Amino acid sequence: MKLAESQSKLFEEFSQIIRENRLSHAYLFSGDFGSLDMAIWLAQSRFCVTPENGLPCGHCRPCRLIAQGDFSDVKIVEPQGQIIKTDTIRQLTREFSQSSFEGQAQVFIIRDADKMHVNAANSLLKFIEEPQSQIYIFLLTADDSRMLPTIKSRTQLFYFPKNRAYLEELLQKEGLLLTQAKVLADFAKDDVQALDLAKDNKVLDLINTVERFTQSLLSNQDLLYLDVAKLAVQCSEKSEQEIVWAFLTYQLGKDIQNPQARRWLDLVYEARKMWLANVSFQNAMEYMVLS
């Protein structure tokens, strides 16, 4: 992702912070669109050996290794399953007190930080409250409301809104029609997902099918039962079925003021719960339309 284009305002703000050497020790980035790229870029700014206009060059050895996730003084933590365990954070905080390997700084990036166990978050809080020199912590979350208030109050919060115009332009460069680009730009959470969807013709066909199916739902057509059977044949894989549930929710959510759309959203939610409980996709969808 090109931060200068996708998050131009934030890029300019952090560029000024880097040039003035005002980078704080703890940040909370809310939103998926470019937040990891920004954290990595800021990490590069601490170690770059050939900065350009005061900003990381992206080409020197430290910059390349950090981008590859293979730099000893930059640690990236992710959930194991659906949780970041307390032991993981405790091990991380032990590393805070150790000397850096290649420079004076250490950077810790925690993805999906809202998935930290409450004890893990409290362990991290102690180090945020008592910052050590040249240690930088970036907490990344899709939604800052899921974070502990004590963590939020002790970090600098920045929002990373989705740049739909940037995504549309990116998708059109991939050869998508404007209508397809608009839909995917609105649907995808970030550029990686958008590009993955754009390159999968099966998924594009499936999205078009779900769009027509949603229109049938809202017009109360009598042949919905048959439409479900066709949809089930088209998406035999679990990953494809997940796309159907997600896109159904997205399509109905666009018409949220419509009471009928809200009713279908409730039914989609119930049917998806059945599917997650190992009811077959077709049976869950049939339950939905028969309801």
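Because the structure is predicted, anything quoted here is derived from the model rather than measured.
Atom CZ in R212 sits 11.5 Å away from atom CD in Q251 (nearest 0.5 Å). The distance from atom CG of L195 to atom NZ of K173, rounded to the nearest 0.5 Å, is 11.0 Å.
At distances below 3.5 Å, at least one donor-acceptor pair connects side-chain atoms of Q241 with backbone N or O atoms of C235. The main-chain N or O of L176 is never found under 3.5 Å from a side-chain atom of Q180 such that the two would form a donor-acceptor pair. D186 places no side-chain N or O within donor-acceptor distance of the main-chain N or O of K182, the cut-off being under 3.5 Å. Distance alone, capped at 3.5 Å, places no donor-acceptor pair between the S236 side chain and the V233 backbone. When atom types are taken as modelled, the side chain of W264 and the backbone of L217 share a donor-acceptor pair closer than 3.5 angstrom. Put simply, the side chain of K162 gets close to the backbone of A185: a donor and an acceptor are under 3.5 Å apart. Judged by distance alone, the side chain of Q172 and the main-chain N or O of L178 form no donor-acceptor pair under 3.5 Å.
Minimum heavy-atom separation, R64 to G58: CG-O, 4.2 Å. Heavy-atom minimum distance, I18 versus R46: CG2-NH2, 4.1 Å. Nearest heavy-atom pair across C48 and P56 is SG-CA, 3.8 Å. Of all heavy-atom pairs between L248 and M288, the closest is CD1-CE, 4.4 Å. When all heavy atoms of I128 and I151 are compared, the closest pair comes out as CD1-CD1, 4.2 Å. Residue P79 comes nearest to R111 through the heavy atom pair CD-O, 3.8 Å, listed as atom of the first residue, atom of the second, then distance.
Judged purely by distance below 3.5 Å, without hydrogens or angles, the side chains of R94 and Q91 pair a donor atom with an acceptor atom.
Side-chain contact check for L224 versus F213: some heavy-atom pair is nearer than 4.5 Å. A heavy-atom distance below 4.5 Å is found between the side chains of F47 and V107. Two residues are said to be in side-chain contact when any heavy atoms from C-beta on lie closer than 4.5 Å; L92 and I110 meet this criterion. Between F160 and L140 there is no side-chain heavy-atom pair separated by less than 4.5 Å. Contact of the L124 side chain with the L139 side chain is registered, since non-hydrogen atoms from C-beta on lie closer than 4.5 Å. Side-chain contact between I207 and L184: present, with at least one pair of heavy atoms (C-beta onward) separated by less than 4.5 Å. A heavy-atom distance below 4.5 Å is not found between the side chains of I40 and F71. W41 is listed as a side-chain neighbour of L55, based on a closest heavy-atom distance under 4.5 Å.
Screening residues 199-208 for side-chain hydrogen bond (donor to acceptor under 3.5 Å, both in side chains), with sequence neighbours left out, gives K202-E240. Applying the side-chain hydrogen bond (donor to acceptor under 3.5 Å, both in side chains) test to every pair with at least one member in residues 49-60, sequence neighbours left out, gives no pairs at all. Within the structure, side-chain hydrogen bond (donor to acceptor under 3.5 Å, both in side chains) pairs that include any residue of residues 137-150 comprise S30-D144, D114-T141, D143-S145, D144-K152, D144-Y159 (at least two apart or interchain).
For the side chain to side chain donor-acceptor pair (under 3.5 Å) with Q16, the lone residue among E20, E12, E13 that qualifies is E20.
Under the 30°/60° scheme for interplanar angles, the aromatic rings of F281 and W275 are found to stand perpendicular. Between F33 and Y166, the ring-plane angle classifies as perpendicular under the 30° and 60° cut-offs. Taking the six-membered ring where the residue is Trp, F29 and F14 present perpendicular rings, their angle passing 60° and hence far from 30°.
Residues V210 and L177 fall into different hydrophobic clusters, defined by Ile, Leu, Val, Met, Phe, Trp and Tyr side chains chained together at heavy-atom separations under 4.5 Å. Transitive grouping of hydrophobic side chains (ILVMFWY, heavy atoms separated by less than 4.5 Å) brings L157 and L125 into a common cluster. Residues L267 and F247 are members of one and the same hydrophobic cluster, defined by side-chain heavy-atom contacts under 4.5 angstrom among Ile, Leu, Val, Met, Phe, Trp and Tyr.
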Q | Chi angles and distances behind the side-chain hydrogen bond (donor to acceptor under 3.5 Å, both in side chains) call for T209, Q234 | A | CA-CA 9 Å; T209 301; Q234 190 175 349; 3.1 Å; yes
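Remark: K238 NZ is packed, more than 12 non-hydrogen atoms of other residues, nucleotides or ligands lying under 6.0 Å away.
Ring centroids of F108 and F127 are separated by 6.0 Å or more, keeping the two rings apart.
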